[in-house]
Structure formats: C-alpha cells, structure tokens
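For reference, the structure discussed in these notes is given below.
As the structure is a computational prediction, the values presented were derived from the model and not from experiment. Letters go in sequence order (proteins before strands), and every chain restarts at 1.
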Amino acid sequence: MAQGQDGAALLRADALSLERGGRELFCGLSFTVRPGQLLQIEGPNGAGKTSLLRILAGLSRYGFGGRVHRQAPQLYLGHHPAVKALLTPRENLAWHVAGEGGHSDARIEAALEQVGLYGYEDVPSMTLSAGQHRRVNLARLYLSSAPLWLLDEPFTAIDKAGVAQLEQLLENHVQGGGAVILTSHQALQLTRLVEFIHLDAGLVA
Amino acid sequence: MAQGQDGAALLRADALSLERGGRELFCGLSFTVRPGQLLQIEGPNGAGKTSLLRILAGLSRYGFGGRVHRQAPQLYLGHHPAVKALLTPRENLAWHVAGEGGHSDARIEAALEQVGLYGYEDVPSMTLSAGQHRRVNLARLYLSSAPLWLLDEPFTAIDKAGVAQLEQLLENHVQGGGAVILTSHQALQLTRLVEFIHLDAGLVA
Amino acid sequence: MWSFFHKLGSPPWLFGIAGSILRWLLPITLVALAVGLVWGLLFTHPDFRQGNSYRIIYIHVPAAVVALAGYYVMAIAGAVSLVWKMKMADVAMRACAPIGAALTFIALVTGSIWGKPTWGTWWVWDARITSMLILLFLYLGVVALYEAYDNKEAAGKACAVLSLVGTVNIPIIYKSVDWWYSLHQPASIRFTGGSTIDASMLYPLLLMIVAFYCLFTCCLLMNMRAELVEREARTNWVRKLARAGEARA
Amino acid sequence: MSVAQWVAQLDQNLYFRSVDALLDMEGHGAFVWSAYLITTLVVLAMLLLPLRRKRRFLRQLAGELKRREGSPRTKGGGD
Amino acid sequence: MSPASRPPATSAFCLTLVRRQLTLAVRRPVDIGNPLLFFAMVVALFPLGLGPAPDKLADFAPGILWIIALLSSLLSSDTVFRSDFEDGSLEQLLLAPQPLYLSVLAYILAHWLITGALLALVSPLFAVMINLPSAAIPALVCALALGTAVLSLVGGIGAALTVGLKRGGMLISLLILPFYMPVLIFGSAAVRQAALGAPAAPYLAILGAMLCLAIALAPLAIAAGLRISVDA
Amino acid sequence: MSPASRPPATSAFCLTLVRRQLTLAVRRPVDIGNPLLFFAMVVALFPLGLGPAPDKLADFAPGILWIIALLSSLLSSDTVFRSDFEDGSLEQLLLAPQPLYLSVLAYILAHWLITGALLALVSPLFAVMINLPSAAIPALVCALALGTAVLSLVGGIGAALTVGLKRGGMLISLLILPFYMPVLIFGSAAVRQAALGAPAAPYLAILGAMLCLAIALAPLAIAAGLRISVDA
Ligand code: HEM
Ligand SMILES: Nc1ncnc2c1ncn2[C@@H]1O[C@H](COP(=O)(O)OP(=O)(O)OP(=O)(O)O)[C@@H](O)[C@H]1O
Ligand SMILES: Nc1ncnc2c1ncn2[C@@H]1O[C@H](COP(=O)(O)OP(=O)(O)OP(=O)(O)O)[C@@H](O)[C@H]1O
Ligand SMILES: [Mg+2]
Ligand SMILES: [Mg+2]
C-alpha cells in the first residue's frame with residue numbers, strides 16, 4: 001500500500017475482501033505485482049482463487065470490497081477454454097487474438113505449432129483431446145503482448161512435457177519483464193521464482 | 001490372452017486397435033484386469049487415453065478393432081463432470097446413482113460429506129468452485145458397488161488434500177477386491193500398487 | 001438537501017421511516033377504501049345504460065390508473081439506481097413490480113368481468129385493453145427476471161436495465177397500439193370514452209383512486225421493508241431486529 | 001344537523017332497499033360481487049405477503065444467529 | 001467398495017428421470033408461469049398482426065393455437081438432450097443398467113409435459129381470448145394433447161441425431177421435420193370440425209393412431225441416434 | 001513476451017466477429033434450417049387451417065408472415081450469447097480492448113443476417129404461396145429487413161440479460177415480446193397498405209426510425225446486460 005516504487009507496478013490490489021454465498025472468503029488482501037514476479041495463488045478447493053483472479057481481471061464486481069488498480073494490459077485465461085467445438089484451432093485462435101492485435105496467419109500457425117498442435121490446425125476442435133483443446137487456448141500466450149498474465153489452472157489436462165514447456169514459457173515471460181499470477185493445485189518446478197498468496201488465511205506471503 | 005486364471009477377470013481386452021482422424025493411435029493392445037489391480041494409462045496429450053477408456057466402457061465403437069469382454073459392472077467417470085448447474089449437489093448425485101441402485105438420502109449426504117461438500121448439499125451447483133464441481137461427481141465413488149472403476153483424469157481441479165484422500169479411496173477399493181483403470185498426467189503417490197499402460201508405444205507394460 | 005439524499009441511502013433510516021409512515025398511512029388507506037366501496041356500492045344510482053354492473057368501475061378504473069402510474073415509478077427508480085447507484089432506488093424498483101402486476105391483474109379481471117354483461121363477451125381486442133395486457137407482461141417480465149437471478153444485486157441491476165428499456169418503449173407501444181386500433185376499428189365494438197360520468201358517481205370514484213394510490217404506497221413501503229431486511233441480513237441493525245423479534249415471540 | 005338526521009339522510013340515499021336486492025343488483029350481482037371478491041383477495045395478498053415475508057425471514061435469521069452463537073465458532077467448510 | 005445393491009426397478013429410475021427433467025425446467029415456482037405467459041403473449045400477437053375483428057380471429061383460432069404448439073415443440077425439442085450431452089450426463093445415461101428405450105421415453109415425457117401438455121391445459125383460456133366457439137374446446141384440448149405428444153417424439157429423433165454436432169445427423173433431422181405436417185393437418189382439422197359442430201372423433205382417432213406408432217418406434221430411433229451421437 | 005502490437009482497427013475486429021458467428025451458424029445448419037422450415041410449414045399450414053379461399057388468405061398474408069418472422073427471431077435470439085457464455089468466450093470479449101458497443105453490434109448483425117435478412121430474402125417465395133398480391137412484395141421485403149433488424153437488437157437485450165441464468169428459454173420471450181409489438185404492428189401495416197395499393201413508405205419510415213433508435217440504444221443495454229450476466 002506504500003506508494004514506494006510504484007512506478008513500475010503492473011497491478012495493485014488494495015484491501016480486497018470478498019463475500020460469497022454468505023461466507024467471507026478473504027479480507028484485507030493487499031499486494032502489488034511488479035515486472036518479474038510470478039505469483040501463485042494457493043488454497044484448497046473453494047478458497048476463492050478463481051474469484052480473486054476474476055476480480056483482478058475486472059470480470060467480477062459483486063460482493064467484493066477494496067480497489068484494484070490495473071496499470072498494464074492483462075491477459076486472462078479462465079477455467080473454460082473458450083474453444084468453440086465447431087471451429088478449427090486456427091479459427092479459434094485467430095478470433096481469440098483478434099481483439100488484441102492483428103496477427104498474421106503465419107504467426108498463428110507458429111503458435112499452434114509451439115503448443116504441439118502441428119497438423120491439427122484445421123480439424124474441427126471437437127475432435128481434439130482434452131489436452132489439445134486446452135492447448136489451443138494456451139497458444140494465446142505465445143502471441144500475447146500483455147505484460148501481466150492471469151492464468152486460472154493453466155496446467156489442467158496438459159501432459160508432463162507440456163507442463164514443463166509451459167513453465168519454461170512462464171519463466172521466460174517473467175524474466176523478460178512480464179509478470180504472472182496463476183492458480184494451480186500442482187506445485188511448479190520453478191520454485192525459486194515463485195511467490196505465494198495463501199488464500200485460506202487471507203494473508204499475503 | 002491366455003485363458004489362465006480368467007475366472008476372476010473383471011475385464012479382458014483382446015487385440016484392441018484404434019484409428020482416429022487417419023492416425024493409428026494404438027494397435028494389438030491386449031490386457032486383462034483382475035481384482036486388486038490399479039492400472040494407470042499413460043501417454044502424452046492426444047495419445048488416445050480417453051478413447052481407450054471409452055472403448056472399455058462401451059461408449060465408443062467406431063474405428064476400433066479387437067474385442068472387449070466386460071465381466072463385471074463398471075463405473076465410468078469421464079472428463080465432463082456431468083454435474084448440472086441448476087441442480088444442487090444432492091439432486092445431482094441422487095440422479096447419478098439412480099440408475100445403479102436406490103440409495104437413501106442419508107447415504108447420499110454422507111457421500112457428499114466425505115468429498116468435503118458438507119454444507120453445500122443444497123446450493124445450486126453453478127455457484128460451486130471448479131474443484132467442488134468435480135467433487136460432486138467423485139462422490140459417486142463412495143456410493144458405487146461396481147468392482148471396476150474407469151476414471152478419466154479424476155484429479156483434475158482437486159486440491160492436494162483431496163488428491164491424497166482420493167488416492168486412499170482408490171487404494172481401499174483395490175485392496176477390497178475391486179480394480180481401477182485411470183488416466184492422469186499427475187504421478188500417483190501409490191506407486192507401489194500401480195501398473196502402467198504406456199500408450200505412445202502401443203505396448204502393455 | 002444532500003443530507004436528505006444521504007439518509008435515503010441509509011437502509012436502517014429508510015426502514016424506520018417507512019415503518020412510521022405506514023403506521024398512519026395504512027389505517028387511512030383502509031378507511032378510504034371502505035368508505036369508497038360502501039359509497040360506490042350502496043349510495044350511487046346505477047348507470048342508465050349499463051345498469052348495476054357499472055359499479056365495477058370503482059375498482060376497475062382506480063386499479064388501471066394506479067397500475068399505469070406504477071410503471072413510471074418503477075422505471076424512475078430503476079434509472080436512479082443505475083445512474084446514481086443508489087441502492088434504495090433498487091429496492092424500490094424491485095418492490096414496485098409485483099404490486100403493479102397485481103393492480104394490472106385486477107384491472108384486467110374486473111374489466112373482463114364487466115365486459116360480459118356489457119358487451120356480451122369476456123374479452124375484446126380493444127386498444128386500451130390490449131395495452132393493459134402488454135403492461136401486465138412488462139410487469140411480469142421484471143418480476144420473473146428478478147426471481148431468476150440468484151445474486152440479488154445483479155438481479156436489481158438487470159431489472160433496472162430492463163425497466164429503462166421499458167421507459168423508452170412504453171410510449172412507443174402505447175402509441176402504436178392506439179394507432180393499430182384506430183386503423184382496424186371494427187364497428188361492432190365502440191368503447192365508450194366514459195367522459196360523461198355523473199358527479200354522484202364521480203366523487204366515490206375519485207375517492208377510490210386516491211385510496212388506491214395510498215394502497216400502492218403502503219404495499220410499496222411494506223415490500224421495501226421486507227426487501228431491506230433480506231438484503232441487509234448480515235448487518236447489525238437487522239440482527240438486532242431479528243433478536244428483538246425473537247425476544248418478543 | 002344531528003347525527004340522527006344524518007343517518008336518516010344516508011338511509012334515504014341508500015340505493016338498495018334490501019340485502020337481497022344488494023346481492024342481486026338487478027341481475028348483475030354475480031358479476032359485480034365476483035369482481036369485488038377477486039379484488040379483495042388480491043389486495044389482501046398484496047398487503048399480507050410482504051408482511052409474512054419479512055416476519056418469516058427475521059424468524060429464520062434469529063434462529064440462525066442463535067445456532068451460531070450456541071455452537072463454538074467454526075469456520076465454514078471447504079477443506 | 002460399498003455393499004452391492006441391486007439395480008432399482010426401471011420404473012423408479014424413469015420416474016427419477018422425469019422428475020429431474022421437470023426440476024431442471026421449473027427450478028422455482030415462477031418458472032412454471034413462464035411457458036404459460038409465453039403462450040399468452042403469442043396469442044396476443046395474432047390480433048396485433050391480423051387485426052382485432054373477433055370473427056376473423058375465430059376463423060383462425062384453430063390454426064393459431066396449432067402454430068403455437070408446433071413452434072414451442074419444434075424450437076424447444078432441439079435442446080432436449082443438448083445440455084446432457086455437453087456435460088457428460090448422456091454418457092452416464094447410456095451406461096446405466098436400464099433399458100434405454102424407457103429412459104428415452106422419460107425424457108420425451110418430460111419435454112411433452114412442459115410444452116405440449118401444458119399448452120393443451122391452458123388452451124381453453126386462449127381459445128376464449130380469440131373467440132373460438134366453445135363447442136370446439138374439448139376437441140381442441142384432446143387434439144393438442146395427442147398431437148403435441150407426437151411432435152415431441154418426432155422432435156426427439158431430430159434432437160438425438162443432431163446433439164453430437166454431426167453434419168449427417170442434421171440432414172436427417174431436417175428430413176424428419178416434415179413428419180410434423182400430418183399432425184398439424186389432422187390436429188387443426190379436428191378443431192375446425194368441432195367448431196363447425198361436426199364430430200371430431202375420427203380425426204382424434206387418427207392422431208391417437210399416430211401417437212401409438214410414434215411411441216412404439218420413435219424411442220428406438222432416438223436411442224440409436226443417441227448412441228451414434230455420443231460416439232463422436 | 002512477444003513484441004507489442006498495437007490494437008487492430010476496431011472495424012477489423014468487428015468483421016472477424018461477424019465472420020466467426022456466420023461460420024458457426026453455417027457449420028450448424030439446423031440453426032438456420034429450423035426457422036426457415038418452421039416458416040415454410042406454417043405457410044403451408046395456413047391454407048389448411050383456413051380452407052384455401054385465396055382472397056381470405058391474401059387478406060391475412062401480411063400478418064401471418066410477420067408473426068412467423070417475429071417468432072423465429074424471438075426463439076433464436078436466446079442463443080446469441082449462450083454458447084459464448086458457457087465456454088468462456090464472452091469473458092474474453094468483455095476483456096478485449098475494443099469498444100463493447102461495436103462488438104455487441106457485430107453479434108447482432110450476424111444474428112440478423114442468419115435470421116431476419118435470410119427470411120426477408122426468401123419471403124417472396126412464401127408470399128406467393130399464400131397469395132399476397134405481388135405489388136406488396138417489395139414492401140414486404142423491405143419491411144421484413146428493417147423490422148427484423150429491430151427485433152434482433154431488442155432480442156439481444158433479452159439475451160444479454162438472461163444468458164447467465166441457464167434456465168429455459170421462456171424467460172427471454174417474456175422480457176422482449178412486449179417490445180416486439182410495435183414492430184409487428186407497423187410492419188404488417190406496411191405490407192397491408194402495399195397490398196391495398198396504398199403507399200407503404202410512411203410505415204417503412206417509422207420502421208426505419210425505430211431501427212435508428214434501436215441501433216443507438218440497444219447496444220448500450222446489451223453491453224450492460226452482458227457485464228451483469230458474466231458476473232452473476
Ligand atoms: C378486459 C377488459 C378491460 C380492460 C383491460 C380495461 C382497461 C381499462 C383501463 C386501462 C382503463 C384506464 C384508462 C385510463 O385511465 O387511462 C380503463 C378505464 C375505464 N374502463 Fe375499462 N377495461 C376493460 C373493460 C371495460 C369494460 C367492459 C367497461 C365498461 C363497459 C370499461 C369501462 C371503463 C371505463 C368507463 C373507464 C374509465 C374511462 C376513463 O376514465 O376514461 N372497461 N379500463
Ligand atoms: N455466484 C456465487 N454465489 C455464491 N457462492 C459462490 C458463487 N461463486 C462462487 N461461490 C463460492 O465461492 C467460493 C470460491 O469459489 P472459487 O471458484 O473462487 O474457488 P477456487 O478457489 O477457485 O476453488 P477451486 O480450487 O475448486 O477452483 C466457493 O465456495 C463457491 O461455492
Ligand atoms: N471424433 C474424432 N475424430 C477424429 N479424431 C479424433 C476424434 N476423437 C478423438 N480424435 C483424436 O484422437 C486422439 C486421441 O484423443 P484422446 O481424447 O483419446 O486423447 P487423450 O490421450 O485422452 O489425450 P489427453 O491427454 O489430452 O486427454 C486425438 O489426437 C484426437 O485428435
Ligand atoms: Mg478455481
Ligand atoms: Mg483425455
């Protein structure tokens with residue numbers, strides 16, 4: 001909350017509190033996200049991780065108190081992969097990034113290749129496996145120019161090699177001056193980088 | 001394939017092969033599942049784990065060769081939690097088990113409590129978190145009388161405590177004369193029990 | 001002035017003031033209703049064309065008039081809650097809808113009962129009747145939308161948006177229905193304007209209209225009190241209220 | 001004007017001379033009375049429903065509070 | 001592993017199914033009113049579009065009510081299995097140790113109850129509003145009840161085939177739609193005859209025969225369609 | 001982190017959106033086919049319901065065509081945002097650095113193209129089938145094109161407000177049918193006037209004015225509704 005080195009902050013949360021279904025999920029949660037930070041939100045099922053991320057992204061407004069200062073563009077990937085079963089991965093991805101910037105078809109193809117969907121660019125997404133489905137969505141990370149990523153359980157359904165690759169990507173992003181806030185029930189391998197927000201206690205670690 | 005100690009087999013797969021989207025996913029896959037076995041199907045995304053489970057469950061018939069002999073009732077829990085957002089966990093679970101046997105309301109409540117949904121029995125499922133959603137589905141395991149369980153990524157969205165508890169449940173089931181075939185990208189803690197089917201090679205381990 | 005608005009935003013103050021208004025308005029309303037009814041039913045002479053069935057007018061017209069006015073109360077409350085984010089306006093808007101729907105329902109039912117002896121049919125597609133039917137739909141839409149949301153805060157906002165859309169649209173709907181009727185107007189059913197009403201009939205009617213306005217206000221305040229209590233369930237003043245009620249019981 | 005006079009005048013102004021006449025209303029009684037009956041019912045519902053809603057909610061809340069105070073402070077589930 | 005419990009009577013299972021579907025449709029009391037209000041509003045559209053003259057409307061009344069029935073059946077039958085397909089409930093239904101024929105019938109029954117049966121029940125009110133002769137009302141209710149059941153069954157075939165997003169399935173379901181036609185023809189004929197004072201029974205008998213045929217065959221087609229759809 | 005690329009022109013974004021919606025619709029032809037088939041069936045049913053007296057039919061043709069257009073718009077508008085809500089695309093739309101007003105308009109445009117515009121295009125065929133005087137056909141097409149656009153916009157409001165609710169599609173009809181009524185009145189009046197040989201232009205002008213009003217205001221309400229729904 002101190003205005004110290006605030007110039008570089010990507011996001012500042014002031015005294016966030018949230019009540020859902022009659023229960024107080026957290027209160028007095030304040031933190032600042034600066035470039036180079038990788039924050040993992042931890043807590044048991046139902047602790048309010050998803051809710052917190054949605055508040056940070058600006059999607060949720062009811063029942064919460066406090067203020068969120070967003071000082072940089074964000075990329076939010078939620079639980080639902082937002083992949084349309086009837087469209088192909090290429091079409092899905094093209095539409096996802098259409099709001100952010102005009103990406104050439106070649107770049108989209110490259111991103112799909114990087115998430116291991118080479119050869120699957122033009123099949124209908126409904127024939128993809130669960131992990132491949134998710135990967136279509138994760139391909140956005142390779143195209144995003146937003147410095148702050150908000151990722152809700154990005155490793156769901158991804159195989160081991162995919163998780164390792166994704167962690168590498170997160171590390172690169174963080175070391176390149178970006179920041180990541182993510183939730184996951186799996187422990188990251190990049191432990192030396194990670195800072196935690198434990199939600200059950202409502203404290204910042 | 002040998003008819004050896006077949007009397008006790010819960011499921012026998014003979015020379016299974018599967019072609020999907022022009023690619024051969026596996027072929028000549030034969031194995032027998034006996035009480036006390038815990039099989040984990042492994043492989044990267046898109047290897048055909050889900051497809052194999054669906055074949056074993058009898059949901060998928062196209063494009064596959066070989067024979068599956070089902071010799072005991074099964075319980076299949078797929079990727080999708082089959083939890084209706086509009087119904088409460090209690091109603092969801094009651095409907096899920098309705099096909100198998102009449103369970104009293106007390107047993108359903110006990111099962112929900114065991115998966116950590118105590119106090120959430122009567123809220124609409126759409127207000128549940130991702131992990132709680134999944135837990136509604138997993139509560140079926142506590143009510144099931146089927147000896148063979150087919151579980152497709154049961155640990156998705158479940159927190160650490162939940163995973164440990166679920167592993168304990170699987171172990172109990174296996175040691176009580178049941179059998180489990182599951183897919184997961186996370187390594188199980190019960191490694192001494194687990195046998196693997198590696199799908200990428202199309203070989204039985 | 002500002003402090004008044006500020007107070008309006010304070011739920012316990014509103015709850016209290018609504019209670020004290022109700023304490024004298026409710027008896028007045030009931031007395032006015034009773035006097036108006038007895039007057040209309042017993043002390044007026046029948047209409048020379050419609051006979052005694054016209055006595056329905058003492059409920060039909062007040063209900064219709066107040067139901068129409070109610071929509072504007074609702075829409076204004078909705079606008080205030082959306083624009084100035086005043087929670088109390090939200091509560092008021094929510095409280096208006098069921099009352100308006102009930103009054104519209106009364107107008108429709110009494111009208112159609114009136115129609116049977118007068119026109120020989122329960123229902124005609126007259127312009128005014130049709131608009132009244134549409135008004136009922138509009139009210140019920142707001143009620144249904146509110147009930148459909150679990151999150152009552154979101155429900156309030158959604159209803160405010162809907163009633164604002166309604167404000168823009170109601171004049172259009174009314175004009176177009178009028179116009180539609182004049183375009184088609186079949187000779188068989190001419191709706192009497194009712195402007196040549198006798199003074200002896202008019203006074204009880206006016207009294208009943210006033211009484212219905214009071215009734216509307218009473219119901220509004222009562223609904224608001226119920227709504228306030230539910231929304232503020234976790235605040236201290238409501239808890240105190242609950243404990244007090246418990247002690248009394 | 002004395003009260004007696006006033007009552008007498010009122011009585012003179014009464015349109016219906018008997019209860020039967022009042023109920024029958026020259027053949028229109030069924031219509032008029034059913035309209036008034038329905039209106040009365042709806043108005044009663046309008047007045048009583050919010051009252052009942054508030055009472056019931058407060059009672060429920062009181063019970064909830066009592067339960068919570070009675071039992072040792074527990075944190076809601078979700079473990 | 002919990003102690004083995006024998007599979008419940010199929011009838012109990014189907015009852016649970018119907019109840020579940022009804023619960024989903026009417027989660028709260030207000031929800032029951034919605035379809036009714038919908039019907040009322042659509043009835044109100046016709047005078048607005050055609051003009052308020054009572055005799056004209058009366059002429060049209062059977063057709064109008066049948067259009068509403070068709071519409072609410074046609075456009076809601078697409079969703080009978082969709083959400084169950086998407087969230088995996090359909091797989092569980094196929095795997096349940098219960099005859100699919102009957103569980104499918106339970107789905108259709110639930111769909112019919114909240115569209116056709118409801119409409120048939122409230123249709124007298126609307127018939128009065130659009131001046132249908134009151135002599136025709138019993139025939140109207142019967143014809144609607146029978147006919148909408150056929151519509152629900154036939155619509156279910158289309159729904160089962162299209163639920164898996166299969167292109168071929170869509171074609172078939174478009175081919176099935178014309179089977180709605182005879183229902184409409186006989187249904188509105190029954191009402192019109194009754195309005196004219198002629199006996200409606202022969203037409204109702206034909207509708208009944210169609211219903212028997214549909215009950216016997218449609219669930220088979222629906223079950224097959226579901227199996228195909230689930231097996232993407 | 002890839003090199004910063006500036007946000008694309010909003011027009012390009014909206015175009016992508018429209019194209020995506022159209023692709024989705026074309027890949028699920030049932031969505032397009034059902035309303036058209038409904039239209040065709042009702043048109044075919046009407047002569048059956050009335051007895052094929054041509055003059056009577058022609059009298060009613062404008063109203064009938066309009067009511068059908070209205071119903072098919074009504075029942076398809078429920079789906080405008082639903083699947084996007086369920087799979088999370090809607091959140092992404094709200095987060096995209098683009099004016100929501102315009103992206104919402106793009107959604108509505110796509111919906112109009114596959115319901116209203118298509119219907120307007122094929123309506124001459126149906127008009128001929130129910131003996132509408134051919135002089136009225138241009139007015140019919142224009143009126144349908146203008147009017148259905150208003151319907152799509154108004155329907156979008158209902159869809160946005162109810163998309164988070166996961167309840168039967170009946171609620172939305174409740175909300176928006178009253179707002180449809182002016183369109184129905186003026187639309188059918190335009191066609192009827194043209195059929196009588198009178199100029200339809202004044203009515204079309206009124207429809208146009210409604211359209212302008214709707215374009216100006218409805219997207220605001222839709223955007224507000226979507227924000228409410230995503231966060232319910
Ligand atoms: C379903 C049937 C009916 C409905 C929905 C209905 C509706 C209305 C409405 C909305 C008004 C208030 C209009 C205003 O103040 O702006 C009204 C007034 C009135 N109604 Fe009805 N009505 C119906 C049937 C009848 C019948 C059958 C009669 C008697 C023949 C009747 C006689 C009147 C009269 C005399 C007024 C007062 C006229 C005035 O103040 O201008 N109504 N009605
Ligand atoms: N709309 C709502 N109404 C009432 N309660 C809600 C609502 N949405 C969420 N909740 C409750 O808020 C709590 C937190 O939900 P959230 O999705 O944030 O949990 P989470 O930490 O992401 O859990 P998981 O690890 O399972 O994903 C849950 O207990 C849930 O029941
Ligand atoms: N209907 C289909 N048509 C064509 N190809 C399909 C179809 N269904 C699945 N496939 C392909 O089959 C492969 C295996 O899919 P499956 O879902 O079994 O993978 P999986 O091993 O479960 O992967 P994951 O770990 O991602 O869940 C995938 O490459 C997928 O593209
Ligand atoms: Mg979560
Ligand atoms: Mg899989």
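The closest donor-acceptor contact from the side chain of His60(C) to the backbone of Ala107(C) lies under 3.5 Å. Here the side chain of Tyr139(C) pairs a donor or acceptor atom with the backbone of Ala67(C) at under 3.5 angstrom.
Remark: Leu207(C) CG to Leu202(C) CG distance equals 11.0 Å, nearest 0.5 Å.
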Validation: residues 210-223 of chain C side-chain donor-acceptor distances under 3.5 Å, sequence neighbours left out:
residue	atom	partner	partner atom	Å
Thr217(C)	OG1	Tyr213(C)	O	2.8
Asn223(C)	ND2	Cys219(C)	O	3.4

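Residue pairs meeting the ring-ring contact (aromatic ring centres under 6.0 Å, His included) criterion with at least one partner in residues 220-244 of chain C, sequence neighbours excluded, are Phe15(C)-Trp237(C).
Only the side chain of Phe57(D) has a heavy atom closer than 4.5 Å to any heavy atom of chain C. Neither the backbone nor the side chain of Leu228(C) comes within contact range of chain D; no heavy atom of the residue lies under 4.5 Å from a heavy atom of that chain. The contact between Leu47(D) and chain C is made by backbone and side chain atoms together, counting heavy-atom distances below 4.5 Å. With a threshold of 4.5 angstrom between heavy atoms, Tyr58(C) approaches chain D through its backbone and through its side chain.
Annotation: residues 20-28 of chain C contacts chain D through Leu26(C) [non-hydrogen atoms, separation under 4.5 Å]. For residues 94-104 of chain C, the interface with chain D (any heavy-atom pair closer than 4.5 Å) comprises Arg94(C), Ile99(C), Ala102(C), Leu103(C), sorted by residue number.
Residues Ser163(C) and Gly78(C) come closest through the heavy atom pair OG-CA, 4.1 Å. Ala242(C) and Ala62(D) make their closest contact through O-CB, 3.7 Å (heavy atoms, listed as atom of the first residue, atom of the second, distance).
Put simply, the side chain of Leu14(C) reaches to within 4.5 Å of the side chain of Met224(C), judged on heavy atoms. With a 4.5 Å cut-off on side-chain heavy atoms, Ile113(C) and Val32(D) do not count as touching. Inter-residue side-chain proximity for Trp123(C) and Ile129(C) is flagged as met; some heavy-atom pair is nearer than 4.5 Å. Using a 4.5 Å cut-off on side-chain heavy atoms (C-beta onward), Phe105(C) and Val109(C) make contact.
When the candidates Ser34(D), Ala35(D), Ala45(D) are compared by the number of heavy-atom contacts under 4.5 Å with chain C, Ala35(D) comes out ahead.
A salt bridge links Arg53(D) with Glu230(C): the distance from a Lys NZ or Arg NE/NH1/NH2 to an Asp or Glu carboxylate oxygen falls below 4.0 Å.
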